Amino acid sequence: MASYYYLIASLPELRADGDMPITYSEFLSCCQSNVSEEKYQLLKDLTLDSTEGPLVDEWSRFYGMLTKELNYQRSMNLGRSYSSAYDKDGIIAQAVAAALSAKNPLEAEKVLLEYEFENLDSLVGLHMFDDYVLFGYAIKLKLLERLNCFEQTKGKAEFQSLFDGIQQRVYSL
């Protein structure tokens with residue numbers, strides 16, 4: 001397993017409640033000359049749904065369970081049945097319930113982000129300056145990148161537009 005002492009030590013800290021201090025493309029630029037071509041390609045192709053790479057397989061199992069639990073609880077809240085079978089995890093179910101009880105979707109995303117960061121820290125464990133740490137960092141950066149896609153003013157405007165459309169349909173009945 002490769003060691004990335006300088007690379008990992010030079011990366012800015014990522015926090016679930018903080019800003020994104022580096023873009024994913026800047027991260028890739030830092031990695032390009034410090035990792036093998038194979039690892040670089042895995043990092044370049046990395047998504048939150050990826051299954052290949054150090055740590056990524058463990059992350060994928062967790063993320064799949066989290067996604068299924070989210071879908072299940074959302075379906076139940078809407079009064080719909082959920083037909084997919086999955087292994088239920090009580091801790092994940094509690095985290096999802098806490099997120100779904102948040103006052104708005106952005107707050108729910110932040111609750112889930114904090115939980116995902118905690119899980120990644122647990123998966124990385126005592127690894128230091130190796131592939132696990134590097135890929136854990138990359139996944140955290142992808143999660144922050146996803147959170148930064150949410151724009152509160154655009155979301156509020158879209159919600160208002162949808163709500164106005166529903167109100168017009170109700171009034172026309």
Side-chain angles (χ1 to χ4, degrees), residues 1-70 89 91-159:
M1 193 171 292
S3 294
Y4 309 112
Y5 298 110
Y6 176 76
L7 173 62
I8 291 170
S10 68
L11 294 171
E13 180 184 8
L14 299 179
R15 297 172 35 137
D17 62 348
D19 292 329
M20 196 169 159
I22 183 174
T23 66
Y24 199 77
S25 61
E26 290 170 335
F27 168 72
L28 286 176
S29 294
C30 293
C31 292
Q32 192 164 18
S33 62
N34 291 295
V35 301
S36 69
E37 285 184 38
E38 176 189 349
K39 295 287 191 288
Y40 180 77
Q41 194 59 46
L42 287 171
L43 288 167
K44 189 175 175 187
D45 296 338
L46 185 71
T47 67
L48 294 175
D49 295 316
S50 293
T51 57
E52 291 183 40
L55 180 87
V56 178
D57 187 44
E58 294 96 330
W59 163 257
S60 176
R61 281 193 293 277
F62 163 77
Y63 195 65
M65 289 171 57
L66 181 67
T67 302
K68 287 176 183 169
E69 185 63 36
L70 269 168
D89 181 289
I91 296 171
I92 291 176
Q94 286 179 334
V96 168
L100 293 179
S101 67
K103 63 183 177 183
N104 63 53
L106 183 58
E107 287 303 314
E109 286 295 329
K110 289 179 179 180
V111 168
L112 287 175
L113 181 68
E114 182 70 37
Y115 180 61
E116 290 163 334
F117 266 50
E118 288 172 10
N119 184 268
L120 280 165
D121 289 340
S122 171
L123 290 174
V124 169
L126 297 176
H127 287 265
M128 304 289 282
F129 306 108
D130 64 7
D131 291 332
Y132 264 63
V133 176
L134 189 65
F135 278 80
Y137 189 92
I139 293 169
K140 284 182 177 182
L141 204 50
K142 286 287 186 181
L143 288 166
L144 285 173
E145 196 173 58
R146 181 180 181 279
L147 183 67
N148 282 337
C149 290
F150 297 112
E151 294 184 29
Q152 192 168 12
T153 54
K154 277 179 142 178
K156 204 171 197 176
E158 180 65 21
F159 173 78

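These numbers were taken from a predicted model, which means no experiment stands behind them.
Atoms CG and OH, on Leu11 and Tyr6 in that order, are 9.5 Å from each other to the nearest 0.5 Å. The OG1 atom of Thr23 sits 8.5 Å away from atom CG of Leu28, with the distance rounded to the nearest 0.5 Å. A distance of 10.0 Å separates CG in Leu143 from CD in Glu109, rounded to the nearest 0.5 Å. Rounding to the nearest 0.5 Å places CG of Leu134 at 5.5 Å from CG of Leu7. Expressed to the nearest 0.5 Å, how far CG of Leu123 lies from CD of Glu116 amounts to 11.5 Å. The CG atom of Leu120 lies 9.5 Å from the CG atom of Leu113; values are rounded to the nearest 0.5 Å.
Classified by interplanar angle (parallel below 30°, tilted 30° to 60°, perpendicular above 60°), the ring pair Tyr5/Phe129 is tilted.
In this structure, Leu14 and Tyr137 have side chains that are in contact, with non-hydrogen atoms separated by less than 4.5 Å. Lys39 is not listed as a side-chain neighbour of Cys31, based on a closest heavy-atom distance of 4.5 Å or more. Inter-residue side-chain proximity for Asn119 and Leu66 is flagged as unmet; no heavy-atom pair is nearer than 4.5 Å. At a threshold of 4.5 Å between non-hydrogen side-chain atoms, the residues Leu100 and Leu70 count as touching.
Looking at Thr67, its side chain does come within 3.5 Å of a backbone N or O of Tyr63 through a donor-acceptor pair. Side chain of Ser29 to backbone of Ser25: a donor-acceptor contact under 3.5 angstrom is found. No donor-acceptor distance shorter than 3.5 angstrom exists from the side chain of Trp59 to the backbone of Ser50, with no hydrogens or angles considered. No donor-acceptor pair under 3.5 Å is formed between the side chain of Tyr24 and the backbone N or O of Lys44.
Considering every non-hydrogen atom in both Ala108 and Ala102, the closest pair reads N-CB, 3.5 Å. A pairwise comparison of heavy atoms in Leu112 and Ala99 identifies CG-CB, 3.6 Å as the closest pair. Taking all atoms of both residues into account, the shortest heavy-atom contact from Asp131 to Tyr4 is OD1-OH, 2.7 Å. Residues Cys30 and Ile22 come closest through the heavy atom pair SG-CD1, 4.4 Å. Taking both residues in full, the closest heavy atoms of Pro54 and Phe135 are given as O-CB, 3.2 Å, listed atom of the first, atom of the second, then distance.
A salt bridge between Lys142 and Glu145 is present, with a side-chain N of the basic residue lying under 4.0 Å from a carboxylate O of the acidic one. A salt bridge links Lys140 with Asp121: the distance from a Lys NZ or Arg NE/NH1/NH2 to an Asp or Glu carboxylate oxygen falls below 4.0 Å.
For the residue pair Tyr40 and Asn34, no side-chain donor N or O sits within less than 3.5 Å of a side-chain acceptor on the partner.
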| After noting the C-alpha distance and the side-chain angles of Gln94 and Tyr115, does the key distance pass the side-chain hydrogen bond (donor to acceptor under 3.5 Å, both in side chains) rule? | CA-CA 11 Å; Gln94 286 179 334; Tyr115 180 61; over 6 Å; no
| request: Under the side-chain contact (heavy atoms from CB on, under 4.5 Å) rule, what do Leu42 and Leu46 come out as? Steps first, then yes or no, please. | output: CA-CA 6 Å; Leu42 287 171; Leu46 185 71; over 6 Å; no
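The stretch residues 10-27 participates, sequence neighbours left out, in these salt bridge (charged side-chain N to carboxylate O under 4.0 Å, His left out) pairs: Arg15-Asp17.
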